[in-house]
Amino acid sequence: MNFRQMAADRHTYAADWKARTGGKVADYFEPYFPEEIAYAAGILPVRVLAEHEPDVISDKWIYGACFPARDMINQFLRGRMDYMDGLVNVEGCQWIFNAYEVITNNKPALFRHYLFLPDYTDSTTSKDVLRSELAVFRERLEAWTGRDITDEKLDHAIAVYNENRLLLRRICELRRADRPVLTGSEYMDMLLANQVMDKAEMNGLLEQFLRELEGRQPGRDTIRLMLIGSETWNSDLERLVESLGGNVVVDELDNGTSYFWNPVYPQKDRLMALALRYLGRPHNPVKDNNWRRRPEHIFELAEDYHVDGAIISKQIYCHLHGTDNYAVWRLLRERHIPFHYMERDMSVPEEETALRLEAFLNQVRAGATRLAGWHRKAVL
Ligand code: SF4
């Protein structure tokens with residue numbers, strides 16, 4: 001299964017999908033976008049994935065932003081996203097909001113919607129606030145598409161998305177083995193393809209992939225690493241780690257495991273079920289306020305996947321992860337998990353990064369026992 005190519009061909013896929021289904025395509029960037037509601041209206045939700053290419057266009061519109069936000073404008077102005085009928089922004093990162101404004105102002109014919117999702121997700125009022133925002137979103141989509149979003153259609157969309165999450169979870173679980181049958185780069189390629197494809201089609205491909213994986217021989221014995229930090233849009237870093245004798249066996253990225261980690265628990269009030277799912281997902285730094293969940297979630301993943309160390313990879317100018325890193329560093333130090341911190345834009349500066357990662361892997365190799373060992377030491 002060439003998931004890498006599927007992610008690379010996402011623009012062609014979306015244009016073909018429209019031609020064969022007659023449906024509309026709505027792009028989004030923020031990970032809290034409730035895809036099920038759009039899917040129930042016959043819309044293909046497509047996650048904007050950044051490219052790494054020279055950008056001389058976006059500076060005119062947005063300056064000093066992180067690379068993903070600039071790249072979103074860059075791709076749009078280059079005409080790569082011409083198939084897009086709508087763009088939805090969920091309350092989140094300010095840079096992405098700015099990119100959303102630039103794009104929608106440049107193309108007034110686009111359907112645009114700003115969906116408010118409370119930053120303090122654990123407040124007693126958050127679920128009701130979000131539920132009412134989802135009701136407004138449903139009405140706007142119905143008016144735009146001319147299709148009713150009935151409870152039956154929502155049930156179908158929730159079932160398709162839950163199936164998708166279950167399949168991804170089963171594949172992710174295979175990485176807990178001492179010698180996982182899949183590499184971190186294969187896994188990331190699969191997740192990126194998953195975020196741009198129709199989930200009903202993708203579920204069929206994931207089932208095939210799962211069968212293929214279950215028939216594979218165990219992989220190499222490697223240093224087991226966790227990837228933490230800002231989103232990523234390619235698997236170059238994982239590939240580099242593999243070339244140095246490591247393997248990324250788990251991550252907590254917004255477009256990694258956090259994308260599919262928790263399902264929707266069906267209930268009679270479908271919109272409330274969705275509100276609870278999105279408020280309860282593993283949080284990124286924007287939404288992880290007051291009652292902090294992110295650091296413990298990172299630790300639980302590190303422990304469950306027996307990691308030897310972690311890489312914290314932050315996009316340059318990503319102030320959200322920049323300010324949250326203090327809590328992550330403190331946690332990793334307290335729990336005796338060695339880590340390497342790096343900043344990047346969409347590319348991985350090969351030679352410098354390779355040198356630094358090689359030194360880190362050697363350090364881990366020299367001192368490594370598995371996390372279980374460190375954890376016991378920390379707890380006893
Ligand atoms: S990399 Fe950071 S600043 Fe940029 S869009 Fe993502 S969260 Fe926002």
Side-chain angles (χ1 to χ4, degrees), residues 7 27-33 45-53 55 57-59 61-77 80-81 84 87-104 112 114-121 188 191-192 195-196 227-238 251-259 261 278 281-289 292-295 297-298 311-329 341-349 353:
D27 281 32
Y28 71 99
F29 184 92
E30 291 292 349
Y32 289 78
F33 176 60
V46 175
R47 179 85 183 257
V48 177
L49 305 181
E51 299 274 2
H52 183 73
E53 62 183 348
D55 164 25
I57 300 178
S58 70
D59 275 359
W61 300 95
I62 190 172
Y63 190 73
C66 67
F67 192 85
R70 296 202 317 270
D71 182 78
M72 189 165 150
I73 297 172
N74 185 34
Q75 286 192 66
F76 170 76
L77 293 175
R80 307 265 164 76
M81 297 147 79
M84 175 171 72
L87 184 62
V88 179
N89 184 64
V90 181
E91 162 83 16
C93 166
Q94 184 64 33
W95 286 132
I96 291 302
F97 175 68
N98 293 351
Y100 162 80
E101 284 289 310
V102 169
I103 292 172
T104 49
R112 58 179 282 169
Y114 178 93
L115 199 156
F116 176 71
L117 192 144
D119 279 354
Y120 179 20
T121 54
M188 183 50 74
L191 287 186
L192 295 177
Q195 287 166 70
V196 295
L227 186 55
I228 301 169
S230 317
E231 308 94 322
T232 181
W233 288 272
N234 59 46
S235 54
D236 291 354
L237 183 59
E238 285 86 344
D251 70 81
E252 72 83 48
L253 309 186
D254 258 344
N255 50 4
T257 58
S258 299
Y259 175 77
W261 204 245
Y278 284 91
R281 60 166 295 222
H283 289 314
N284 65 23
V286 193
K287 303 292 180 192
D288 198 28
N289 298 308
R292 298 297 312 270
R293 286 194 257 150
R294 184 170 177 244
H297 177 63
I298 289 173
I311 298 173
I312 306 173
S313 167
K314 183 179 87 65
Q315 295 283 338
I316 295 172
Y317 305 126
C318 176
H319 49 283
L320 301 169
H321 281 270
T323 46
D324 213 47
N325 272 338
Y326 167 71
V328 177
W329 290 343
Y341 172 73
M342 59 181 279
E343 292 204 333
R344 62 190 294 211
D345 59 14
M346 282 314 301
S347 68
V348 180
T353 313

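Since the structure is predicted, the reported quantities are computational estimates derived from the model, not experimental observations. Start at 1 and go down the list; that is how both ligands and their atoms are numbered.
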Checklist entry - With sequence neighbours left out, what residues match I57 under side chain to side chain contact (heavy atoms under 4.5 Å, CB included)? => result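 Result, side chain to side chain contact (heavy atoms under 4.5 Å, CB included) vs I57: D55, N74, L77, R78.
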Next on the checklist: Donor-acceptor check, side chain of N255 to backbone of T232, threshold 3.5 angstrom: yes or no?
Outcome noted: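 Answer holds: yes.
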Item to check | side-chain hydrogen bond (donor to acceptor under 3.5 Å, both in side chains) against Q315, all qualifying residues, sequence neighbours excluded | outcome: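 For Q315, no residue satisfies side-chain hydrogen bond (donor to acceptor under 3.5 Å, both in side chains) once neighbours in sequence are set aside.
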Item to check | side-chain hydrogen bond (donor to acceptor under 3.5 Å, both in side chains) involving D119 - partner list, sequence neighbours excluded | outcome: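 D119: side-chain hydrogen bond (donor to acceptor under 3.5 Å, both in side chains) contacts with K287.
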Checklist entry - With a 6.0 Å cut-off on ring centres, are W95 and Y317 close enough? => result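 Ring centroids of W95 and Y317 are no less than 6.0 Å from each other.
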Next on the checklist: More than 12 heavy atoms of other residues, nucleotides or ligands under 6.0 Å from CZ of F97: yes or no?
Outcome noted: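 Counting other residues, nucleotides and ligands, CZ of F97 exceeds 12 neighbours.
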Checklist entry - Nearest to atom 5 (S) of ligand 1, what protein heavy atom do you find, and at what distance? => result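 Going by distance alone, atom 5 (S) of ligand 1 is nearest to I96 CG1, 3.5 Å.
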Item to check | Metal site atom 2 (Fe) of ligand 1, protein N/O/S atoms found under 2.8 Å | outcome: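 Every protein N, O or S atom under 2.8 Å from atom 2 (Fe) of ligand 1 counted, the figure is 1.
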